[in-house]
There are 2 protein chains.
Amino acid sequence: MSTGFEKHDHGTCVATSIKAAEDHCAAHKLQLTPVRRRVLELLLEGHKALGAYDILPTLAAEGLGSQPPVVYRALDFLQSNGFAHKVEKLNAWTACMHPGEDHNPAFMICSDCDMVAEIPASPVTGDLGRAAEKMGFSINTAVIEVEGTCPSCQEVKTT
Amino acid sequence: MSTGFEKHDHGTCVATSIKAAEDHCAAHKLQLTPVRRRVLELLLEGHKALGAYDILPTLAAEGLGSQPPVVYRALDFLQSNGFAHKVEKLNAWTACMHPGEDHNPAFMICSDCDMVAEIPASPVTGDLGRAAEKMGFSINTAVIEVEGTCPSCQEVKTT
DNA sequence: GCGTCAAATGTAATATTATAACATGAGAGC
DNA sequence: GCTCTCATGTTATAATATTACATTTGACGC
């Protein structure tokens, strides 16, 4: 699975994720309803993070709901089932690139092109986990988001 | 400097931070105005993160300003000069525990008692930095926040 | 079929967080 | 005293998110 920054077959990328969501829902008796499915598709369109209010007009135009709770509910569903993540720094959501796998996501956010790449993080076993353990702090969830410049945007700058 | 979770002389804690802010301002020709100073004091009161709208009523009661921009400006000032940090996960701010030092903060947030501890993080040299370097991603800022249970709240639960 | 229950959706209203824009004031340096 | 910069006062509004309650739909047991 790609991280998003390098070149990749994005069609496969999308198909894989949708398929993973369908399978997971089938296996766990969850409903991937039209709204939920469409929101996931929108999140998958680019490797960007979308705000709830970026998504809402599209849903409204397609007759899938026009009020904020509609999109927030869909995002909650996707997030709690591991199909999407919230990027706290951006107050925005992005599709999960490792659906089905148990993972702690970390994000790299390019401030030039707004691309968001999800990479595996393992805070519990990493530096941070060791620091927490030392202090007797028990980690539940971790927010790890770095902002900077992605490889392609660095190239653009230097050429 | 304490992290906040363990027992400590909080008076010293506050005094040290205020002093550091005063010194830094004197050295850099910055003004630690009444509003700014008061906001810093409020952030230092407990090792908690405060939202802008938690702070505003106090400022208003003390005649230091009653409109949102007042508190946001003060927070911007404190943050850009390294006296406070924003905790993205909470949309709230906390006083810096290592003022004057060049550091990448990480936070441990106790979801039971709301205590926030700042610990040093070094993403650029740590696991995350290595991952970023490998991908050719250049890090500008890092948000590292873990949420879980602090030592004292774990004790309470088990007794 | 029919009742009933849970999950999902529709909708109005409102809460919370944050910023834009412009006017006013206060002090430093000339 | 002039002017320039920084800080503050104030109004309005933007952006993000949730509460609360009504309605619909489909599964399941009877």
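Side chains included, hydrogens not; waters and symmetry mates left out as well; all remaining heavy atoms used. Chain identifiers are assigned alphabetically (A, B, ...) following the order of the sequence lines, protein sequences preceding nucleic acid strands; residue numbering begins at 1 within each chain. The structure presented is a predicted model; accordingly, all values stated were derived computationally and were not measured.
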Which is more 5' along DNA chain D, the nucleotide nearest Arg73(A) or the one nearest Val70(B)? Just name the residue. Val70(B)
Please compare Ala92(A) and Thr33(B) by the position of their nearest nucleotide in DNA chain D and report the one closer to 5'. Thr33(B)
What's the [atom1]-[atom2] distance between [X] and [N], to the nearest Å?
X	N	atom1	atom2	result
Arg37(A)	dA8(C)	CZ	P	16 Å
Asn91(B)	dT19(C)	CG	C1'	14 Å
Tyr72(A)	dG10(C)	OH	P	17 Å
Gln67(B)	dA21(C)	CD	C1'	14 Å
Asp76(A)	dA8(C)	CG	P	12 Å
Leu50(B)	dA18(C)	CG	P	13 Å
Leu56(B)	dT16(C)	CG	P	13 Å
Leu75(B)	dA18(C)	CG	P	9 Å

Considering non-hydrogen atoms only, spot the tightest contact between [X] and [Y] and give its length.
X	Y	answer
Trp93(A)	Asn91(A)	CZ3-O, 4.1 Å
Gly82(A)	Cys96(A)	O-CB, 3.4 Å
Gly126(A)	Asp127(B)	CA-OD2, 3.3 Å
Leu40(A)	Ser17(A)	CD2-O, 4.5 Å
Glu118(A)	Ala95(A)	OE1-O, 4.0 Å

By the 4.0 Å heavy-atom rule, please label Leu64(A) as base, sugar-phosphate, or nothing. sugar-phosphate
Check: Ser111(B)/Glu147(B) side-chain N/O donor and acceptor closer than 3.5 Å: yes
When you list every nucleotide of DNA chain D with an atom under 4.0 Å from a heavy atom of chain B, which one comes first 5' to 3', and which comes last? dC6(D) to dT11(D)
Suppose clustering is done on Ile, Leu, Val, Met, Phe, Trp and Tyr with side-chain heavy atoms closer than 4.5 Å. Which residues sit in the same group as Val143(B)? Val143(A)
Against His85(B), only a single residue in His98(B), His103(B), Gln79(B) fulfils side chain to side chain donor-acceptor pair (under 3.5 Å); can you say which? His103(B)
Quick check: on DNA chain C, is the nucleotide nearest Leu90(B) upstream (toward 5') of the one nearest Pro69(B), or the reverse? Name the residue that is more 5'. Leu90(B)
Ranking Tyr53(B) and Lys29(B) by the position along DNA chain C of their nearest nucleotide, the one closer to 5' is Tyr53(B)
Charged N to carboxylate O under 4.0 angstrom, Arg130(A) versus Glu133(A)? no
Using OP1 and OP2 only, check whether a side-chain N or O of Arg36(A) sits under 4.0 Å from dA8(C). yes
Is there a side-chain contact between Ser66(A) and the phosphate of dG10(C), meaning an N or O under 4.0 Å from OP1 or OP2? no
When you look at Lys19(A) and Glu22(A), which way does the salt bridge (charged side-chain N to carboxylate O under 4.0 Å, His left out) test go after all the steps? CA-CA 5 Å; Lys19(A) 182 74 171 47; Glu22(A) 283 171 346; 5.8 Å; no
Can you sort out which residues in residues 79-86 of chain A have a heavy atom within less than 4.0 Å of DNA chain C? Ascending by number, please. none
